[in-house]
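Here the structure comes first, spelled out in structure tokens, and everything after it is commentary.
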2 protein chains.
Amino acid sequence: MAAVDLSTHPGHLARRLQQAHYLLWNTMVSEEITSPQFAVLNALVAEPGMDQRTVGERVGLDRSTVAEVVSRLGRRDLIDKVRDPEDGRRSLLRPTEDGVRTHRKLTVRTARMNQVFLAPLSAAEQTVFLDLIQRVSDAAEGLRNPAEPIASQR
Amino acid sequence: MAAVDLSTHPGHLARRLQQAHYLLWNTMVSEEITSPQFAVLNALVAEPGMDQRTVGERVGLDRSTVAEVVSRLGRRDLIDKVRDPEDGRRSLLRPTEDGVRTHRKLTVRTARMNQVFLAPLSAAEQTVFLDLIQRVSDAAEGLRNPAEPIASQR
DNA sequence: CCTAATTACTCAGGGCACTGAGTATTTCAG
DNA sequence: CTGAAATACTCAGTGCCCTGAGTAATTAGG
């Protein structure tokens, strides 16, 4: 009767997009390491020694989720976790050698998967697509953090 | 070192987009009914009496997830669930009066939320955005179901 | 008919994502 | 220097999402 067409609802489409990606990741990249786990690993390869909070900020995960992902990566010995001697609240994270190796391997596969994922779009459309998603996400995240002052470079 | 820029990874962006939507939904639409729950309710308002499998197909949820969502909607007395007398395997689902009322209320709020969510884009960009997400999702879902024959209209 | 395949659903298990409450540590105000 | 505020993390609870295995009912083959 008064039902709505969900294909005009960005939230619904976002969920479907994410699910589609999840499946493709599973078949083309890894069945063990998930996309969020790769994101955390990637952040730590870029900048070893970050604490959990900072990692979460970088990859867009909240405190609890980071803790879980970190614990799984630790269980697989892909990252190390040590208490910061200078600030006993923090845990400092860094990839192990195995972690770096795994990251390298998955990076290649991820690139291939992205190509397949975006294949239905032309090169120009792909650029637009990434830009639009990013702008919407950034704006929506901005709604959460009220009027944060200008980010300093450190 | 060899780290990757995740802002060019559609999967990562898809996850962030969905999270952003989740937060906005929570503040602007409902704290009790989630977006997937609304999707199921919406499908049942459009076509009461579907079984769980069909609902899942319509809204893009797998068997297990539909079962969970349905059980939550049932707990809130928004839908009824009865065994199909003609086929004892099926559960037939239909919204209760309260379910229809709730659906109507949330429809209004959802429309408002979508406006806010898409506000950073121009009207033309919004159209492109929805189209691109849909095409990518459809294509990726197509990779899963191998060579399905042309869908019949019933 | 009656067995075998199919179909709808359930259940257990792993992982992501959020909130609210609690703990430990550090920092800051007085 | 000490008590209060802030910070990093943990834990419990809820919900979404998938897979693989199991159960009950229906359909199809011989």
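Every chain is numbered from 1 and lettered A, B, ... according to where its sequence line falls, protein lines coming before strand lines.
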Original post:
Under 4.0 Å between a side-chain N/O of Ser91(B) and OP1 or OP2 of dA8(C), yes or no?
Top reply: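 Indeed not, no polar side-chain atom of Ser91(B) lies that close.
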**OP:** Please check the phosphate of dA8(C) (OP1 and OP2 only) for any side-chain N or O of Lys81(B) closer than 4.0 Å.
**Re:**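 Lys81(B) to dA8(C) OP1/OP2: no side-chain N or O under 4.0 Å.
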Looking at the side chain of [X], which of [options] is the nearest nucleotide?
{"X": "Arg89(B)", "options": "dG15(D), dA17(C), dT27(D)", "result": "dT27(D)"}
{"X": "Thr65(B)", "options": "dC18(D), dA8(C), dA24(C)", "result": "dC18(D)"}
{"X": "Arg63(A)", "options": "dT26(C), dG15(D), dG20(C)", "result": "dG20(C)"}
{"X": "Gln19(B)", "options": "dT27(C), dT10(C), dA17(C)", "result": "dA17(C)"}
{"X": "Pro36(B)", "options": "dC9(D), dC17(D), dA17(C)", "result": "dC17(D)"}
{"X": "Gln18(B)", "options": "dT25(C), dG15(D), dC17(D)", "result": "dC17(D)"}

**OP:** Using the closest heavy atom to pick a nucleotide of DNA chain D for each, name whichever of Tyr22(A) or Arg83(A) lands nearer the 5' end.
**Re:**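 Looking at the nearest nucleotide for each, Arg83(A) comes out on the 5' side.
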For atom [atom1] of [X] and atom [atom2] of [N], their distance in whole Å:
{"X": "Arg16(A)", "N": "dC17(D)", "atom1": "CZ", "atom2": "P", "result": "12 Å"}
{"X": "Glu141(A)", "N": "dA17(C)", "atom1": "CD", "atom2": "C1'", "result": "13 Å"}
{"X": "Arg76(A)", "N": "dG15(C)", "atom1": "CZ", "atom2": "C1'", "result": "11 Å"}
{"X": "Asp62(A)", "N": "dG20(C)", "atom1": "CG", "atom2": "P", "result": "12 Å"}
{"X": "Glu86(B)", "N": "dA8(C)", "atom1": "CD", "atom2": "P", "result": "15 Å"}
{"X": "Leu23(B)", "N": "dT19(C)", "atom1": "CG", "atom2": "C1'", "result": "11 Å"}
{"X": "Leu24(A)", "N": "dC17(D)", "atom1": "CG", "atom2": "P", "result": "18 Å"}
{"X": "Arg53(B)", "N": "dC9(C)", "atom1": "CZ", "atom2": "C1'", "result": "12 Å"}

Answer with yes or no whether the hydrophobic clustering places [X] together with [Y]; edges join I, L, V, M, F, W, Y residues whose side-chain heavy atoms lie under 4.5 Å apart.
{"X": "Leu17(B)", "Y": "Met28(B)", "value": "yes"}
{"X": "Val55(B)", "Y": "Phe38(B)", "value": "yes"}
{"X": "Met113(A)", "Y": "Ile133(B)", "value": "yes"}

Subject >> Distance, nearest 0.5 Å, that separates CG of Asn26(B) from OG of Ser35(B) >> reply: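 Going from CG on Asn26(B) over to OG on Ser35(B), the span is 10.5 Å.
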With heavy atoms under 4.0 Å as the rule, sort [X] into base, sugar-phosphate or nothing.
{"X": "Thr34(A)", "result": "sugar-phosphate"}
{"X": "Gln37(B)", "result": "sugar-phosphate"}
{"X": "Asp87(A)", "result": "sugar-phosphate"}
{"X": "Arg90(B)", "result": "sugar-phosphate"}

Original post:
With respect to Gln52(B), which candidate in Glu57(B), Arg90(B), Lys81(B) satisfies the side chain to side chain donor-acceptor pair (under 3.5 Å) definition?
Top reply: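 Exactly one candidate clears the test, Lys81(B).
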Original post:
Taking the side chain from Arg109(A) and the backbone from Ser30(A), do they hold a donor-acceptor pair closer than 3.5 Å?
Top reply: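 Such a contact is absent between Arg109(A) side chain and Ser30(A) backbone.
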Subject >> Side chain Ser64(A) and base dT19(C) donor-acceptor under 3.5 Å >> reply: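 By the distance-only test, yes, there is a pair.
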